[in-house]
Amino acid sequence: MSIQTIRFRGLMLLTGLLIAAGAFTTPAFASEDQAIEQLRNLNKAFTSIAERVTPTVVTISTRETVTRRAWSRQVPEFFHPYFRGPRGEERQEERPGLGSGIIMTADGYILTNHHVAGSADEITVILNDNQEFDARLVGTDSLTDVAVIKIDAEGLASAPVGDSDEVQIGEWVMAVGAPLALRSTVTSGIVSALGRNLDFSRDRNRDPFAISDFIQTDAAINPGNSGGALINLEGDVIGVNTAIASYTGQFVGYGFAIPINLARKVMDDIVSHGRVRRGFLGINLRSVDASLADAFGLDGPRGVLIANVFPDTPADAAGLKDEDIILSIDGRPVNRPNQVQSLIARKHPDENVALEIRRKDRTITLPVKLGEKPEQIGDVASARTQPGQARLHGLSVSNVTPEIEERWGLEGEMEGILVTEVAQGSRAARARFQRGDVIFKVRQGSFEREVGSVAEFKASLAKLEKGRNAAFFVRRGTYHLFLTMKIPE
C-alpha cells in the first residue's frame, strides 16, 4: 500500500468522523482534495473562534495573607515534614495564586471561581494585550464556586454567552485560560459528559446544599485554567472551567466546567443584589438506583427520592412527603439529586415550580412556591422506645433508652432503634450503615412498617421476601437516608 493511499484513507476516516459528529456536511465519497478542503475549513473555524474569544479571557494573579505557626527552632528543618510535636509562634505569610477569568461586560465585570478570588487580599487582572489592572471583589458564592470581580475599564471586549442547557455530549469545545501560568492558552476536545457530581472533591465539612452539576470535557485543563472559558464551535461561552480529576494534580483527561446558565445567574444576583438569591425547597435527596427501585416496587430506576422533608420549609408547606419520588421539574425529567439542586438553584425565592411526584402507586403534580435557605435546618424528633438489643445481618442494634440517648448524644424523644456496631465486610457494611444511625422504618414493595423497638425490627425482617432488596429508613444527624440491602435467602 502506497503512502498516498494511506494518507487518503486516513483523511477519509477523519472526515467521516467529523461528518458523523455534524461538524460539516459533504458527500459520502469525496476526493482527497475535497477532504483536505473540509479539514482546512474546520481548522479556520477553530482559529477564528480562538482569535475572537482569547481577548475576552484574562489572567488573574492573587495574593492572600495566611496565618501559620512557625516550627520551633529546636526541630531541624529536615524533620519538619515528619514532626507532629508542638510548634512555635504564629506568623503571617503571603500566598500567591493564579487563575483565569471571563470578561462579561465592556465596563469590567469579570466572572471567575470562588477558589481563585474569593479569599484574596490583592487581585491583579492581566488582559490578553498585557495591560494590568487592580481588581476588587464584587461578591462570591462558595456553593457554586463562582466569584465576580471588577476592574475600572471601558470598551473591553466581552465574551459572547451561549446556552448551556443546549450542550450535547460529543460536541467540540475549546478551553481558554492560563494553565501553569501560560497565558492565553487554547486547548480543544469534546464534551465528555453532563451533570457530573464532583464527589471526589468534597470533604466532610462541605455544605450539603452545594451545587454540583458540571460539564465534563477532555479539553486539557490544568492549574491556572480555573475561571477560564469553555467555548463551543459557535464561539459562545458555555461553561466556566473549574476543576480536574487527577491523582497527580495535573491534567489526565478529565476537566470540569460550571454551566454558564448557572454561573451567569449567580453573577447577575451578585451584581444586582450584592448576594445570591437562590430558590430553596427544604428536602434531602437520594438517587433511585436499581436496588432502591426494587425495594419501592418501581418498574426501573427513575426520578429522585425525597429522603426527608425538613419542617417549616417550602416543601413542607406544599405537601411534599418523605418517600415521594420527584419525576420532573416544570416538565423537565430529573434522575439525579444534583440535577434537582441545580434547577432549583437557578430559580429565585418566591418563584413557583411544578413538581411531578410519584407517591405510592399514583402520580401527582404539586405546585411549590420556593423560599430562601435559612441559616439552620431543624432536627426531626419523636417518641422514646423500650430497652432491648439484637444482632442481625451484621448490624448490632439497640432500643433507644434515656441512657442510650445520653451516651450517644442523641436528641431527646427519639423514635427508632440505634445501630451500635456494623460488622466489617458484612451485608450491612456494604449497604453503608454506620454506628449511630437510627433505623425508623423498613419497606419492601407494598410492605411498609415503622419500627420503634428491636422486637418490631425483627418482626419486620421476618416478613420480607428473601432475595430481594429492602429499604431501611435511617436518620443520621439531621438528615434522613434510604439504605438498601438484599435480604439473604
Side-chain angles (χ1 to χ4, degrees), residues 49-65 96-164 174-179 181-186 221 224-232 234-242 257-278 346:
I49 293 167
E51 183 178 2
R52 174 182 164 194
V53 174
T54 300
T56 71
V57 179
V58 302
T59 300
I60 298 174
S61 174
T62 64
R63 289 194 176 276
E64 179 183 358
T65 302
L98 181 72
S100 304
I102 307 167
I103 300 174
M104 300 296 287
T105 65
D107 61 348
Y109 281 97
I110 295 171
L111 185 63
T112 187
N113 286 139
H114 165 78
H115 75 263
V116 170
S119 59
D121 299 308
E122 298 178 13
I123 306 172
T124 302
V125 169
I126 307 169
L127 303 187
N128 180 248
D129 62 4
N130 294 323
Q131 292 187 77
E132 293 191 14
F133 295 85
D134 291 333
R136 62 181 176 86
L137 181 67
V138 179
T140 188
D141 179 49
S142 61
L143 295 187
T144 52
D145 198 14
V146 169
V148 181
I149 61 177
K150 176 73 167 63
I151 62 174
D152 293 327
E154 297 291 341
L156 298 174
S158 59
V161 176
D163 183 357
S164 54
M174 302 169 66
V176 186
L182 300 171
R183 290 161 41 198
S184 303
T185 293
V186 179
I221 294 174
N225 267 118
S226 291
L230 189 68
I231 312 290
N232 62 16
E234 301 297 322
D236 297 331
V237 178
I238 57 170
V240 181
N241 299 323
T242 298
I258 303 166
I260 194 61
N261 290 7
L262 176 60
R264 183 61 185 268
K265 187 266 180 187
V266 171
M267 175 181 173
D268 290 344
D269 277 0
I270 289 173
V271 173
S272 300
H273 307 291
R275 63 186 180 91
V276 181
R277 300 179 65 247
R278 61 169 55 86
R346 283 156 55 176

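Residues meeting the side chain to side chain contact (heavy atoms under 4.5 Å, CB included) test with A181, sequence neighbours left out: L98. In this structure, the side chain to side chain donor-acceptor pair (under 3.5 Å) partners of D269, at least two apart in sequence or on a different chain, are K265, H348. Residues satisfying the side chain to side chain donor-acceptor pair (under 3.5 Å) criterion with N128, sequence neighbours excluded, are S184. Judged as a salt bridge (charged side-chain N to carboxylate O under 4.0 Å, His left out), and not counting sequence neighbours, E51 has no contacts. By the salt bridge (charged side-chain N to carboxylate O under 4.0 Å, His left out) test, R183 is found to be paired with no residue, residues two or more places apart in sequence or in another chain being considered. In this structure A153 satisfies the side chain to side chain contact (heavy atoms under 4.5 Å, CB included) test together with F133, I151, L156, sequence neighbours excluded. The side chain to side chain donor-acceptor pair (under 3.5 Å) search around R264 returns D268, not counting sequence neighbours. Among residues two or more places apart in sequence or in another chain, the side chain to side chain contact (heavy atoms under 4.5 Å, CB included) test is passed with A120 by T62, I123. Listed by chain and number, the residues in a side chain to side chain contact (heavy atoms under 4.5 Å, CB included) with T56 are V53, A157, A159 (sequence neighbours excluded). Legend: residues meeting side chain to side chain donor-acceptor pair (under 3.5 Å) with T59, ordered by chain and number and at least two apart, are absent.
Side-chain contact annotation: T124 with E132, donor-acceptor N/O pair under 3.5 Å absent. Inspection of the S164 and N261 side chains reveals an N or O donor paired with an N or O acceptor under 3.5 Å.
The shortest distance between side-chain heavy atoms of S158 and T105 does not fall below 4.5 Å. Side-chain contact between V58 and I103 is present, with heavy atoms from C-beta onward closer than 4.5 Å. Taking the side chain as every heavy atom from C-beta outward, L262 and T144 approach each other to under 4.5 Å. For the pair V271/V148, a side-chain contact is recorded, criterion being any heavy-atom separation below 4.5 Å from C-beta on. Side-chain contact between D236 and V161 is absent, with no heavy atoms from C-beta onward closer than 4.5 Å. Contact annotation: the side chain of V240 approaches that of I260 to within less than 4.5 Å [non-hydrogen atoms, C-beta and beyond].
Pairing each heavy atom of S100 with each of G177, the nearest pair is OG-CA, 3.4 Å. Counting all heavy atoms, side chain and backbone alike, T112 lies closest to A117 at CG2-CB, 4.1 Å. Scanning all heavy atoms of the two residues, the minimum distance from I49 to G235 falls at CG2-CA, 3.9 Å. Listed here is the closest heavy atom pair of V116 and G99: CG1-CA, 4.0 Å.
Within the structure, the salt bridge (Lys or Arg N to Asp or Glu O under 4.0 Å) test picks out no pair touching residues 116-129 (sequence neighbours left out). For residues 145-157, the pairs satisfying side chain to side chain donor-acceptor pair (under 3.5 Å) are H115-D145, with sequence neighbours left out.
Under 4.0 Å is where a charged nitrogen must lie from a carboxylate oxygen, and between D141 and R278 at least one such pair does.
The structure places CG of L111 at 5.0 Å from CD1 of I102, a figure rounded to the nearest 0.5 Å. Separating the CG atom in N241 from the CG atom in L230 is a distance of 5.0 Å, to the nearest 0.5 Å. Taking CZ of R52 as the start and CD1 of I231 as the end, the distance is 9.0 Å to the nearest 0.5 Å. Atom NE2 in H114 sits 12.0 Å away from atom OG1 in T242 (nearest 0.5 Å).
When atom types are taken as modelled, the side chain of N113 and the backbone of V146 share no donor-acceptor pair closer than 3.5 angstrom.
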